[in-house]
Q: 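Below: one structure in structure tokens.
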Amino acid sequence: MNNMLTAKEIRQSFLDYFKSKNHQIVPSAPMVIKDDPTLMFTNAGMNPWKGIILGNHPVKYNRVADSQKCLRVSGKHNDLEEVGHDTYHHTMFEMLGNWSFGDYFKQDAIDFAWEYIVNVLKIDPKNLYATVFEGSQADGLARDDEAAAIWRKHLPDDHIINGNRHDNFWEMGDTGPCGPCSEIHVDSRSENEKAQVPGRELVNKDHPQVIEIWNIVFMQYNRKADGSLEPLAMKVIDTGMGFERLVRTIQGKQSNYDTDVFQPMLKRIAQVCNAQCKLPNAEGKIEYGKDENTDIAMRVIADHIRTIAFAITDGQLPSNEKAGYVIRRILRRAVRYGYTFLGQRDAFLYQLVPQLIDDMGEAYPELKKQEAQITPVIRAEEEAFLRTLDKGITLLDKLMEDARKDGKTEISGVDVFTLKDTYGFPLDLTELILRENHMTTNEDEYNKALAHQKQMARDANKQDLGDWTVLVDDTQCTMQNETEFVGYDQLECEAHIIKYRQVSQKGRDFYQVVFDKTPFYAEMGGEVGDTGELRMQNAECKMQNAECRMQNAECKMQNAKCKMQNASR
Ligand code: SER
């Protein structure tokens with residue numbers, strides 16, 4: 001095993017190897033997806049190639065390799081909750097991939113992978129295992145004997161393991177390109193541990209030291225909406241190697257965070273956070289590897305700053321909906337861990353951007369180009385959320401303290417609801433803090449408070465409509481039952497009321513009035529209604545959205561002759 005290679009060298013060596021095998025090296029596609037309703041973020045290296053794989057786009061190069069920015073935080077592939085707590089899941093990660101579009105297939109794909117990791121990276125073959133698809137009755141597919149036969153050239157039989165449809169038939173989603181796959185797993189345990197339990201028994205068993213590093217997919221089908229498989233016109237090789245895991249293997253580390261992918265960032269986090277830490281006796285306290293909670297928080301931050309910065313670079317600002325909300329939540333998760341475990345009361349994440357550029361800016365030059373945009377966006381988001389956190393955490397601490405005084409481990413669901421509804425304190429954070437304090441909340445109470453609030457909102461929007469009082473016979477209308485719109489040439493006119501009615505909403509009364517003619521354009525088809533004034537004997541009314549608000553107006557509408565003045569145009 002070559003311990004000398006740095007992360008940057010490993011990334012480059014992958015691209016150099018496939019370049020030497022006549023692959024076109026292409027830059028990463030954006031991590032944020034704007035034109036696919038089924039996907040918000042690139043969650044696999046193959047996403048940008050979907051159109052080519054399905055035959056909808058022409059093939060430009062039939063051999064390609066790249067290092068793709070991926071994000072797994074929503075939908076089918078979602079690792080968010082593990083991130084920071086374990087040492088090998090990430091939100092954003094890099095996927096090294098090589099593709100063949102109608103060129104080589106199983107034989108070369110497996111041989112290239114083997115040559116690269118064994119001959120170039122010098123991973124000891126006795127620590128390697130390959131999985132092959134065992135077949136599926138449901139799909140009418142046989143075992144992948146062809147892949148198994150190729151692996152037999154490289155590995156002994158007991159290092160080749162059958163895998164089921166879940167692990168060895170890769171699908172992009174419920175529909176779309178798919179096919180059987182072979183994964184390469186590496187056993188990084190000590191010799192002693194290996195002697196006790198053979199690695200083959202730990203493959204795909206979530207053992208932190210026996211992990212998958214490379215997935216080689218033999219794309220052959222398109223999964224249709226009815227569940228059937230349609231053969232693709234062109235066979236495709238799609239491979240994905242988790243860069244952070246590969247670096248960890250090559251550098252002989254137990255955790256992805258112990259590699260030089262994350263170490264410089266963890267050191268920078270310690271510097272920045274120590275300098276503004278508000279924990280008691282804080283000096284120099286923040287150091288990776290000394291305390292479990294500090295380590296988790298530092299890993300969360302080291303991971304999340306990549307996602308946040310790259311998402312903004314790719315054009316996804318934090319916001320209150322869809323992809324923007326996913327990014328906002330990730331940013332808030334990082335701020336929250338910094339706040340609670342690293343004593344951060346002031347914005348700190350934005351100060352990590354220069355380090356990220358040092359670490360990743362060479363491979364992803366867009367990061368440096370966007371630095372002036374990324375930094376203030378992160379800072380403003382942090383500051384806004386810190387204000388909310390301060391208030392919410394103080395309230396939640398008090399609630400937990402009161403419960404403890406009463407000998408309880410549960411706090412009221414109504415209080416949790418108020419924290420969210422009134423103070424904007426995120427529910428998932430309340431739940432997390434309660435879990436960490438070995439407390440719970442009453443979910444029934446919470447749900448009742450939520451239902452009550454929804455009902456109130458519905459009631460608030462409910463209108464009580466009075467009957468129309470029709471005045472048309474008493475007026476000198478120019479038109480019957482229809483309002484003449486004169487606003488194209490006039491902003492002011494005299495008019496007569498045709499009918500009116502009282503409307504009660506949110507405990508207040510006002511009137512809707514229909515005139516024979518009006519210079520007010522009503523709200524229609526997305527346009528905002530005009531505003532202005534209506535004057536009549538004894539009363540002056542404000543017209544809003546072309547609707548007359550006459551609260552407390554003592555106005556007799558019988559025979560009312562009005563002067564209307566449009567103030568909006
Ligand atoms: N599509 C496969 C994966 O994401 C290989 O790239 O694992």
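The figures here come from the full heavy-atom set of this structure, side chains too, leaving out hydrogens, waters and symmetry mates. Ligands are counted one by one from 1 in listed order, and the atoms in each one are counted from 1 as well. Throughout, residue positions are numbered sequentially from 1 according to the sequence presented.
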Q: Students should be able to answer this: which protein heavy-atom is nearest to atom 7 (O) of ligand 1, and at what distance?
A: Asn215 ND2, 3.2 Å
Q: Hey, is Arg72 touching ligand 1 through its side chain, its backbone, both or neither, going by heavy atoms under 4.0 Å?
A: side chain
Q: If you count the atoms of ligand 1 from 1 in the order shown, which ones are under 4.0 Å from a heavy atom of Gly240?
A: 5 (C), 6 (O)
Q: Tell me whether the rings of Tyr257 and Phe262 are parallel (<30°), tilted (30 to 60°) or perpendicular (>60°).
A: tilted
Q: Which of the atoms of ligand 1 are close to Val217, meaning less than 4.0 Å from one of its heavy atoms?
A: 2 (C), 5 (C)
Q: Please classify the Thr239 to ligand 1 contact at 4.0 Å (heavy-atom distances, strictly less than): side chain, backbone, both or neither.
A: backbone
Q: Identify, for atom 6 (O) of ligand 1, the protein heavy atom at the shortest distance, and state residue, atom and that distance.
A: Asp238 OD1, 2.6 Å
Q: Determine the interplanar angle of the Trp49 and Phe101 rings, folded into 0 to 90°, and report it as parallel if under 30°, tilted if 30 to 60°, perpendicular if over 60°.
A: tilted
Q: Within ligand 1, which atoms have a heavy atom of Met46 less than 4.0 Å away?
A: 1 (N)
Q: Roughly how far, to the nearest 0.5 Å, is CG of Asn168 from CG of Asn204?
A: 7.0 Å
Q: Is Glu382 paired with Arg379 through a side-chain N to carboxylate O contact shorter than 4.0 Å?
A: no
Q: With no hydrogens and no angle check, just 3.5 Å: does a side-chain donor-acceptor pair link Arg299 and Tyr288?
A: yes
Q: In terms of relative ring orientation, are Phe105 and Phe218 parallel, tilted or perpendicular, with 30° and 60° separating the classes?
A: perpendicular
Q: Where's the contact between Met95 and ligand 1, heavy-atom distance under 4.0 Å: side chain, backbone, both or neither?
A: side chain
